[in-house]
> 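First, the structure itself, so that you have it in front of you.
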Amino acid sequence: MKIRLASGRDKPVRFGHPWIFSGAIAALPDRAGIADVFASGGELLGQGFYTPHARLAVRMLTHMGEPAFTPKTIEARIARAIDRRHGLIDEHNDSVRLVFAESDFLPGLVVDKFASTLAAQFNSAFAEAYRESITAALQNLINPERIIDTSDNEARNREGLPAIRRMNNREECLIQSGGIRFAAAIGSGQKTGFYLDQRENRAIVAGFASGKRVLDAFCYSGGFSVACLKAGAQSVTAIDSSADALALLKRNAELNAAQISPKGRLLPVEADVFTELRKQNSDGKKYDVIVLDPPKLAPSRSHAAAAEKAYKDLNLHGLHLSAEGAILATFSCSGAMTHEKLRQVLHYAAHDAGRQVQLLQPLVQANDHPVLLSFPESEYLRGYLCRVL
Ligand code: SAH
């Protein structure tokens, strides 16, 4: 199959970007498959997987000068992605993202290793078309106990793929992430059973927690909470609106009980964070370490303005609850919220709160979720570690 781009639409591909939207294609073929992609002038730019009727019509597989794509390429790319993570797996850490889609040159394929279980997401028509080769390669390279399909059905829907039915029974997997034991609920309602992308940030935040009063807002299964308790926090107030998440949090605290001082108190709160922070503020509560790790508040660029307001509101209330000199770790996992924008939101919030804020370091997604320079969309988790004066 051949695909010719419309005039002047070849630049991103030439710079290695893996996506071509349907509007950039001169004439749209009507069947899916591997296509040679040409510039409007007739020059071959590489090969991509074409999906009819999808706005994201082509996902590039090779760029000019690279060897041609064959089904064998898949196993080779998975093997290389796994190799790049070797240093991350040891007796303290048995769970990593092995394949991060476009960043590992496998568009729409995500593979997480949770101890001896693999969770795979087939989020593109490309990944679906090669499901068997992918699964065989994973068996061959990792020999996992099981592979659970945790595909993102919204992403599949955009590619015209049928939804994957979630299992009703939750598969619990006991893992170690950053030296902490966790129960990960793979294949349950949640797309991911555990957020691997915060591994490094949990260790950074825990470094400030000894003897402190910690607030973990949007705690999910307690990644930050348990890290802080293990590091000797005096108390951890952990807020989430999901009762299931809080049940996992308690289970995770128990799994690490042997390394948690009996003096460290875990205070789970089932509530809406925005409401609860206001309430605690009017009660005069203060914390020494605060984590704000909300879900995506800006699902797409069109929600950006509303989302910025929500981030500002959240940070404003986080700042109100900060004791003098408190450490604030504030995050966004909305792709549209750049570090620059997050910093601006924080600045406005600090102004409204009447506080000075020192930025200690920017925070990013863990290094098993690499950001590909030619694919800025792979950068999604951003944050700042701050001191609130
Ligand atoms: N910090 C977690 C990950 C957070 S994921 C970790 O390190 O693992 C986001 C969480 O926010 C989910 O558990 C979801 O249940 C919760 N959530 C979403 N909206 C919420 C709200 N308005 N109030 C409280 N919790 C919310």
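The structure displayed is predicted, hence computed values, not measured ones. Counting starts at 1 for both ligands and their atoms, in listed order.
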> Using non-hydrogen atoms of the residue, decide whether Ile239 is closer than 4.0 angstrom to ligand 1.
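The answer is no: ligand 1 sits nowhere under 4.0 Å from a heavy atom of Ile239.
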> I'd like to know whether His17 forms a ring-ring contact (aromatic ring centres under 6.0 Å, His included) with Phe375, so could you lay out the CA-CA distance, the side-chain angles of the two residues, the decisive distance to 0.1 Å, and finally the verdict.
CA-CA 6 Å; His17 200 282; Phe375 183 50; 5.4 Å; yes
> Per the ring-ring contact (aromatic ring centres under 6.0 Å, His included) rule, which among Phe218, Phe331, Phe182, Phe208 passes with Phe224?
Phe331
> Inspect the contact between Arg131 and Asp149 and indicate whether a charged nitrogen and a carboxylate oxygen are less than 4.0 angstrom apart.
yes
> Do any N/O atoms on Ser221 end up under 3.5 angstrom from N/O atoms on ligand 1?
no
> Before accepting this row, confirm whether a basic side-chain N of the pair Arg278/Asp313 lies closer than 4.0 Å to the acidic partner's carboxylate O.
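Salt bridge flag = yes for Asp313 with Arg278.
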> Can you confirm, on distance only, whether ligand 1 has an N/O atom lying under 3.5 Å from any N/O atom belonging to Asp293?
yes
> Each residue besides Leu44 in its hydrophobic cluster should be listed here, by chain and number; the cluster joins Ile, Leu, Val, Met, Phe, Trp and Tyr at side-chain heavy-atom distances under 4.5 Å.
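ILVMFWY cluster around Leu44 also holds Phe38.
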> Check whether any N or O atom of Pro295, backbone or side chain, sits under 3.5 Å from an N or O atom of ligand 1, and answer yes or no.
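Such a contact does not occur with ligand 1.
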> Under 4.0 Å from any heavy atom of Ser242, which atoms of ligand 1 are there?
15 (O)
> Which one of Asp104, Asp112, Asp368 satisfies the salt bridge (charged side-chain N to carboxylate O under 4.0 Å, His left out) criterion with Arg97?
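Result: among Asp104, Asp112, Asp368, Asp112 is the only option passing the salt bridge (charged side-chain N to carboxylate O under 4.0 Å, His left out) with Arg97.
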> I need the contact type for Ala271 against ligand 1. Using non-hydrogen atoms and a strict under-4.0 Å cut-off, is it side chain, backbone, both or neither?
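The backbone, only.
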> Does any N or O in the side chain of Tyr384 come within less than 3.5 Å of the main-chain N or O of His339, such that one atom is a donor and the other an acceptor?
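Looks like yes, one N/O pair under 3.5 Å.
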> Would you mind finding which of Ser241, Ala245, Ser177, Gly223 brings a heavy atom closest to atom 17 (N) of ligand 1?
Ser241
> With backbone taken as N, CA, C and O and side chain as the heavy atoms from C-beta onward, which portion of Arg202 lies under 4.0 Å from ligand 1: side chain, backbone, both, or neither?
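Within the 4.0 Å criterion, Arg202 contacts ligand 1 through side-chain atoms alone.
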> Considering only heavy atoms, which of Asp244, Leu196, Asn201, Asp240 lies nearest to atom 10 (C) of ligand 1?
Asp240
